[in-house]
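Model, not experiment: these values are computed from the prediction. First the proteins, then the strands, lettered A, B, ... as listed; each starts at 1.
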Amino acid sequence: MAAAVSVSGVLGSFDHVDGAADAIRDLKSSGFKDLTVYTASANHEIEAAIGDPVSAVRLFTLVGGLTGVAAGFGMTIWMSRDWPLITGAKSVAAIPAYVVFGFELMVLVGSLCTAVGIVILSMRKSLKGRAYSPRFSDDRIGIFVPCSADQAAAVELVLTQHGSVEVTRDT
Amino acid sequence: MAVIAHDPSMPTQTHAEVTRDVVRTITEKPERGYYILAGSMAFLTLVLFGTLGALLKYGLGLAGYSPPIMWSVYITTFVFWIGIGHAGTLISAILYLFRSRWRTAVYRSTEAMTVFAVMTAALFPIIHIGRQWLFYWLIPYPNQRFLWPNFKSPLMWDVFAISTYLTVSSTFLVIGLVPDIAAVRDHVSGWKKKVYGALSLGWTGADSQWRHYSRAYLYLAALATPLVLSVHSVVSWDFAMSIIPGWHGTIFAPYFVAGAIYSGIGMVLTLIIPLRKVLRIEHMITDYHFDNLAKLTLLTGSILFYSYSMEYFISWYSGSPFEQMTFWRRAFGPNWWAGWSMIICNAFVSQLLWFKKIRTSIPALFVISIFINIGMWFERWVIIAMSLTNDYVPYAWGQINPTWADWCILAGSFGWFGLWFTLFYKNFPIVAIQEIKEMIPMSRRKSHAGAH
Amino acid sequence: MAGQTEGAGVDRRQFLKVLGTAGAGAAVLGGCSTEQVQKLVPYMVQSEDQVPGIPTWYASTCAECSSGCGVYVKTREGRPIKLEGNPDHPVNAGTLCSRGQAGLQGLYNPDRLTGPMAKNAAGTWDAIKWDDAIARFAAKVAAAQGEFAVINGYGPSTFSSLLTAWTSAVGGFITNYQTFSREPERLANQKTWGRTDLPLYDFAAAKHIVSFGADYLETWGSPVEQQRGFAASHGFHDGTMARAVFVGPRMSLTAANSDEWVSVPAGTEALVALAMAQVIASSKGNSAAASLADYAPDKVASQTGLSAQKITALAQAFAAASPSLAVAGGVGAQHRGAIELCEAVNLLNDVAGNIGQTVKFGAALAESEGYGSVEALFGRMGKGEFQVVLVHDSNPLYTLPRGGNFGASFAKVPFKVSTAAILDETAAACDLILPSLHGYERWDDLMPRAGVRGLMQPVVEPVRNGMHIGDVVLKASKTIGGAAAAFNAPTFEAYLKGEWQKTLGANGFDDSWRETLGKGGVFAPSAPVETPKATGAAVSYTKPAFDGMGDYILMPYPSMQYHDGRGANKPWLLENPDPITKITWQSWVEMHPDTAAKIDVREGEIVELSSPHGKLRAQVYIYPGVRPDTLAMPLGLGHTEYGRYAKGRGVTPLALLGGGDGNGFLPYLSTKVSVALTGDYHKVARVDGMPRQLGRGIIQTMPLAYAAKGMTPEESYKAAGRNFAEENPELEQKALEGWRERQIEQTQVGDYEPTDMPQWGMAVDLSRCTGCSACVTACYAENNIPTVGEEQVFRRREMSWMRIERYWEGGTDGEQIQARFSPVMCQHCGAAPCEPVCPVYASYHTPDGLNGQVYNRCVGTRYCSNNCPFKVRYFNWLKFTDVAWPEPLNLQLNPEVVTRVRGVMEKCTFCIQRIRGAQHTAILENRSVRAGEIVTACAQACPSGAIKFGNVKDPADEVVKWKGDRRGYTMLEATNVRPSVTYLAKVLHVEPADFHGAEER
Amino acid sequence: MRKRLFLGLGVLAIAAVATLTLFRRGSAQQTTAGKPVVAAVDPASLKGPRQPIFFRHDIHVGRNQMQCQYCHYTVGVSNEPGIPSMQTCMGCHFLYVTGSTPQNKAEIAKLNVAWQSKTPVQWVRVHTLARHVHFPHSLHIKALGPQACATCHGNVARMAQVFKVNNVNNMGFCINCHIERKVSRDCSQCHF
């Protein structure tokens, strides 16, 4: 991947989760805010170290769900009244029956919005050109620290002292 | 390791091993058996569409419908597959919310099964209608006729429930897959890398991605959970909303949901018992998991047992001659054998699972799972077709006798389902890599450094 | 949309195309195809009585049997599309039976010959020209030098007399022969009163009817007229109704509609009649009593298997009700003792004083020389006395028993001519075929009785290139010359008019002629009733003998649908199930359950019956309504020719019969057969699923006493101590409060705003319905219902929107079996379960209270049918439209009703096309629809007048009165679907004490 | 039957001749009133299906001011509008009208040939209503008046060759009108 590097910075990979977490804290405290931490699976220790606020994806779910309910009832009631036909002596717009649509559309729209939410939110931060190693999807934790060439040495130091097994510099 | 050894839900291998073992199932060249399997499935799929073609050309008359039995094998099979489709989301969503750890090893396969089962089921409403080419009239799209569908019809509820379920469960599957595909991407080369790379949607496992991902997964699970329960309730209302004795039951919704999960897990067992052998992942899907699946089977099976007895009790207690006649004929009528095979296969056989010996004996489970599949198909057949043979006006009573067209579609549906599943398990991680890893504590340098 | 272009073979708009070609003549029509080119072909000349889109009605006469009912032919664009009774006609008064209505399928039958044919040396047929055909015929007749025989099956008419006169002019011999022409009665009347004519039986006036084997509701006599009479007297009216008893070995439809079926061994009916006469005579001190002493009840009891008390009771009941009526005869009692039986019954009527009351002589019913003459004729043929034979409107080689080897004698005639329009058995044996025209294509008339002269006029261009034999003989006369030359009328039409001029009078003939045509003939008030004096000839009884050593008496009986076999080529009749057995498209052997158990056969197994005269193989139908010592078989099927529908279908018991004993009639009931198992099986195409009511109150009954008290069925059941299942217990009542109001509220939107919208409803009086199924055929004809064929009926896929449900009561453990009949069509429920379940609104509720079915919106989920408690919805499983109406049958299709494509649901619409039609006319005439203006096809056809349709909201409408009847109930009230069809409970002649409602409730 | 047909022929023939003479006068006046004589056209260049005889509605209806009902004689009383019988055409074209332009002459000649040879002209259908719809022409004429034909069929008075203006099988086309005019939208009014 090194070939396609455009963001300059230092990439360190860790075997040990606590080491990685410590490194993250140190870096953040020493002013490196914009880290990228690669893990093969969600990891609470790392999340804690990074300390980002809770994802906003729930808003998508909420809005989607509400839209769904509204759409479900709105559509059915309006359509039934648009061309009123009596069936089985039931009222033209039979609310109890339409609960089904309210519910189903809530789930449908809600979950689609959630899925879209992931994409949108994750895309807000571009990872383009940040160094990456296949092993991060396997068993290692990677920390990429974007920095100018002069800061690089300092970063490398932090990483190695927290037990980074491999540090590469892309500048 | 020793510390965690006696927690059977704990995977016994390291992150690296997990990746290796799972990726291996995809990368290693399939043996001849696989091609035979896939081939036969493809053939059955051809049978399915061939028969469908014939139905389109000559009409539903080819199938063994004889009034008053207006719904027969097709709707039966439809409900059967929808039922199958319930185990997946149950295991992946509900058990996820319950934080029951044993689901991790099996949920990917069951989720895949769910999606394909629903894809199969979704064919049937189209196959079974008289003018298949007009099925789109059930969709509320603006048209020059100013006509809308009738939302009071349970069949419309079905349309929405099924399509929602198909969408949501596939979303669920895909989202779960993305990180794993990324893992696969990083372990293959050449054109495969390109393909998986595209499919991984640029997943790198960066914190910014995990952050939203794990959150979203939670909400999806939260949405999917009521959905699972709703879908089969809606399907059951296709019948419960009618006035046909044997259909018109107030317990249908819970009764059908339980049955659905029961049948779903039956199918799960039928699939993963051979699967884990073929893919040599016995160490990932262990007796422990089967034991849990079996317990779930026992639970739902017992609910069925209760529902069956309730049906009979209520039909007697109702004092309605119509209800009583229907259920009397279920047990002692011309199709008594169907009625009893439903009760034996579902209510009785499941009770064997009280014994741990049976729960943990793979062959026994496999046999039982086959019984479950058969039994559940017959349950729907009995409820749907047999209730129709004798309703209100005796003069109009009839007999069921299916034809080749019925059986070909039934067999074909297994082919269609099987083809998808076969292709899936050989090309995608059949075990959820990242979730297993989530459970394996990562090594720490403080305390026991380099434990491995 | 693929859906709509299907079934194009029977395009409703085909008519627009055909319309034009009418001007261009028969040839074009004959070749009329169903191509889809959208061409508008105008008339060359517009006929002033045809308005496109508006039906034209012509009066005519039905020639399907010799009853001569008057019909109105409904034509559209020059095509007859429906037959309805002529209201002014004294015989049928506006109604018509299944066979009569199916006449259209004879007219448009796809197997009609396309022109004259001559058999060549090779024995195959050459199509020839009419001139050639007539020339050949004339030549042969001339050459025959009087060795020329004619068999004429057509009833008394101008034509028949012409043919008779013409035949004698050419020195030939003619016999007028019709099957089932009641010879024994004539011979008996000869003995009893010294006159061979038949009286008119007044069923309407009779208070007590006893029939000895005579199936007066099926084929005996003039069924429609008798059924009308029966319904009038036996239908419950102002607190009373007549009592009917049937004496015979089999429970026919007539017996099933009687209050009592007295089962006696074949041949002993006469004893019962004599015993009854004896009882009555002695009680009245009538002189006849002495001569009847040997027939006192206790003397005959053993032979009849009835107790003396029973017979006495029958007699007393008969005597008590005056006027009463006893009838005998018909194929069902035509054993060797038939004449004596009829004499005995004559005597019975005499002693009961019914002569002149219900037995009305003087009507001079249609004469027919009967079996004796035709038997003799064939004998002479066998002796080679004839060179040429002409067979018209008769199929002796099929209708005569095989045992008489008439075929052989027929073959002895060198040159045989048939006028069959469809190649039947006789025609196939002929050398020349001069296909005649159908009754609705030709000029003709028919005289069923004195003073009643029905006219026929061509209402359609000949469908096939036929020619009426009347024209043929007139044309032939020219070449034959001699005495025949006297017949010089240019055409038969001219001759006919000439004859009519004698009745109508020469001056102003054209007007009176046109007027008569419009009326359908002349119907003089019934002839003065004569009361002949009995000759007092002694009545004797000898036990009739039976041929063969078999263990079972074979009882052939005429099928309601096929009559003597002439109906067997009409799909409507084949698919319209037999009223009793509910079997379609097949013939069968009726066997008593005990007999079946003894020889161990099940329904559908094929047995071989053998008699001294022949063998046959037929499927078994197990029927408690036939005596254990008797096997019954319907006549009419088992054709070896006669078109695609009839050929090779079923068997005929005629194969087991011998030709008579030369005493003037054919003893149908004179053979004993032995039964052998074959191990073969043929599924019985029955349309009744479960023939028992299981206490579901589908057809409810009540004792006369209670009905007279004005009880409702429910009260009646309770009074009779039946534990009547509460339809709506209190809890439910609560839920139902204000139900109607709520429904109206809900309908206050869009089209449903409360207006003067009518509310269509129907009422069916079960005490009048006899199950004759005429309504079913009417429905097929009116609504373009496809016939599906036996294979589909196996799967119960018949499409009959209207079905007659037949349930058995009793019949188990020695109990007398009874039948219940009820027409069941869509009930047009107020709270219809079929409506809300349709995802596309194809089934919905119309503002005028109909349960609408929009075929072109239907996608075919079939949920509506599942959810219909009455199961009255029918699905197009296959492209039935393509198979049901082969050319030119499709010309009969009603252009007002769309033909349903494959894959859609259909059902009874209350003849919505008639409703809308009437409404449109009303709008054009600036008025509102009149009460009773709209009549559904079924109600129109019903000979019993058991169905009433109308607007429930219009107090002036008859239907409101019917629905108000205390006997009214709706089916399956427990389901609370609020049907618009009210049934009036059937009334039974039973003591409330032993009221037999067990199986209904 | 035959006899009655010829009787009908007689009646119609007389009626035709009578009306014909009237029309002659009428149209003559109009032409003198400077109404443009419709020029010859090539039917192939026109919209709509080409008919066996180039029957010009623009001449008959437009210039000669003939009522639709004169030829489509049952439109006011029946569901079917009715196609004029050959005889109706001949009523005018038998002796009198033989055409003004050579083109018209030629077309009218075709008509005569057809009449002589007793072969009805097979007009090509322009508006075909689906089989499952019932459209009672008479009711619509009664409700909308005799001039209402144009509502669906367009202004044929301006059409040298008739072509489809509205798709009469487009249910929306019917429904729009029914909604505007507050006429029943009940399905069973048209579909049965």
Gly860(C) backbone acceptor or donor facing Arg131(B) side chain under 3.5 Å: no

Verdict with reasoning, Arg696(C) to Val393(B), per side-chain contact (heavy atoms from CB on, under 4.5 Å): CA-CA 8 Å; Arg696(C) 297 184 173 193; Val393(B) 174; over 6 Å; no

Identify which part of [X] has an atom lying under 4.5 Å from any heavy atom of chain B, answering side chain, backbone, both or neither.
X: Val687(C); value: both
X: Arg873(C); value: backbone
X: Tyr807(C); value: side chain

Point-to-point distance, once rounded to the nearest 0.5 Å, from [atom1] of [X] to [atom2] of [Y]:
X: Phe794(C); Y: Gln399(B); atom1: CZ; atom2: CD; result: 15.5 Å
X: Leu60(B); Y: Phe875(C); atom1: CG; atom2: CZ; result: 5.5 Å
X: Trp71(B); Y: Thr861(C); atom1: CH2; atom2: OG1; result: 6.5 Å
X: Glu835(C); Y: Ser153(B); atom1: CD; atom2: OG; result: 12.5 Å
X: Arg857(C); Y: Arg145(B); atom1: CZ; atom2: CZ; result: 6.0 Å
X: Arg902(C); Y: Lys57(B); atom1: CZ; atom2: NZ; result: 9.0 Å

Worked verdict on Leu147(B) versus Tyr841(C) for side-chain contact (heavy atoms from CB on, under 4.5 Å): CA-CA 9 Å; Leu147(B) 284 173; Tyr841(C) 282 119; over 6 Å; no

Counting only heavy atoms closer than 4.5 Å, note whether [X] contacts chain C via side chain, backbone, both or neither.
X: Ile384(B); value: neither
X: Trp148(B); value: backbone
X: Tyr74(B); value: neither
X: Phe135(B); value: neither

Trp340(B), CH2: over 12 other non-hydrogen atoms inside 6.0 angstrom: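 Atom CH2 in Trp340(B) is not packed in, count stays at 12 or less.
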
More than 12 heavy atoms from other groups under 6.0 Å of OH on Tyr317(B): no

Options Asp238(B), Asn390(B), Thr389(B), Val159(B), ranked by heavy-atom pairs under 4.5 Å with chain C, top entry: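 Sorted descending by pairs with chain C, the first entry is Asp238(B).
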
Min side-chain heavy-atom separation Pro869(C)-Phe322(B) under 4.5 Å: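 Not in contact.
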
Pro321(B) and Leu694(C), any side-chain heavy atoms less than 4.5 Å apart: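 When only atoms from C-beta onward are counted, Pro321(B) and Leu694(C) do not touch, as no gap falls below 4.5 Å.
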
Which atoms form the tightest heavy-atom contact between [X] and [Y], and what is the distance?
X: Tyr58(B); Y: Leu878(C); answer: O-CD2, 3.1 Å
X: Pro836(C); Y: Asn150(B); answer: O-ND2, 3.3 Å
X: Gly61(B); Y: Arg797(C); answer: O-NH1, 3.0 Å
X: Asn867(C); Y: Ile244(B); answer: CA-CD1, 4.1 Å
X: Trp877(C); Y: Pro67(B); answer: NE1-CG, 3.7 Å
X: Tyr395(B); Y: Lys582(C); answer: OH-CD, 3.2 Å

Arg862(C) side chain to Tyr65(B) side chain, donor-acceptor N/O pair below 3.5 angstrom: yes

Candidate pair Val837(C) and Met241(B), rule side-chain contact (heavy atoms from CB on, under 4.5 Å), full reasoning: CA-CA 9 Å; Val837(C) 298; Met241(B) 290 294 149; 5.9 Å; no

